[in-house]
Amino acid sequence: MLAFALGPARAEEGLVPYAVVGDAIPEPLAGLAGDPARGRAIVADRTRGLCLLCHAGPFPEERFQGNLAPDLAGVGARRSPAQLRLRLVDGRALNPDTIMPSYYSLSGLARVGRAWRGRPILSAGEIEDVVAFLATLREPEGRP
C-alpha cells in the first residue's frame with residue numbers, strides 16, 4: 001500500500017470530489033452504482049474508452065487487442081473496485097510515467113485533444129460503469 005494520500009478533485013474543475021486513500025479511491029464517484037453491461041460497452045468501444053488499444057481481455061468479438069498493458073482477464077480478482085477506480089480516474093497517482101489516460105482528471109495533462117479539452121474523457125457515472133464491469137472479470141483468460 002502506498003504511504004500517501006492525494007487530495008480530492010477540485011470543485012472548480014467541475015469534477016465530483018473524491019479522496020485517494022493509499023492506492024485506491026474507496027468511495028464510488030458521486031455515490032453512483034455502476035452498470036457492468038454499460039461498462040463492458042465502454043471498454044470494448046474503440047472511440048470511447050479506447051481500452052483495447054493497449055489492453056487485451058475477454059472480448060472474443062474484438063480483433064487486434066493491445067499488448068502494451070496488463071491483460072484485463074482476471075483483473076477483478078487482482079484489484080479491488082477501489083483500486084480499479086483510482087487507475088481509471090488518474091493512474092498518475094500510482095505511476096507518474098504511466099501512458100494510461102487519466103479518464104477523470106483535468107489537471108497536469110499534456111497534448112489533450114481538442115474534443116477533450118476542459119472535460120474528462122469519461123463522466124463519473126461512466127467511470128463507475130467501467131469499474132463495475134472490470135470487477136466482474138474474476139477468471140484469467142481461458143478459464144471457465
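Both backbone and side-chain heavy atoms feed into the values below; hydrogens, waters and symmetry mates do not.
- Looking only at side-chain heavy atoms (C-beta outward), Tyr104 and Leu15 come within less than 4.5 Å of each other.
- With rounding to the nearest 0.5 Å, the separation of CG in Asp90 from OH in Tyr103 is 12.0 Å.
- Here Leu86 contributes atom CG and Leu94 contributes atom CG; the two are 4.5 Å apart, rounded to the nearest 0.5 Å.
- The structure places CG of Leu72 at 7.0 Å from CG of Leu137, a figure rounded to the nearest 0.5 Å.
- Of the listed residues (Arg38, Arg48, Arg40), just one forms a salt bridge (charged side-chain N to carboxylate O under 4.0 Å, His left out) with Asp129, and that residue is Arg38.
- In terms of heavy atoms, Val75 sits closest to Leu134 at CG1-O, 3.6 Å.
- Between the side chains of Arg92 and Ser105, at least one donor N or O sits under 3.5 Å from an acceptor N or O.
- With rounding to the nearest 0.5 angstrom, the CZ atom of Arg119 is 10.0 Å from the CG atom of Leu106.
- Here Leu88 contributes atom CG and Glu128 contributes atom CD; the two are 9.0 Å apart, rounded to the nearest 0.5 Å.
- Rounded to the nearest 0.5 angstrom, Leu50 CG and Met100 CE are separated by 11.0 Å.
- Contact between Cys51 and Val43 at its shortest, heavy atoms only, is CB-O, 3.7 Å.
- Side chains of Arg78 and Gln83 form no contact here, defined as non-hydrogen atoms less than 4.5 Å apart.
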field: side chain to side chain contact (heavy atoms under 4.5 Å, CB included) evaluation trace for His55 with Gln65
entry: CA-CA 6 Å; His55 295 275; Gln65 297 180 31; over 6 Å; no

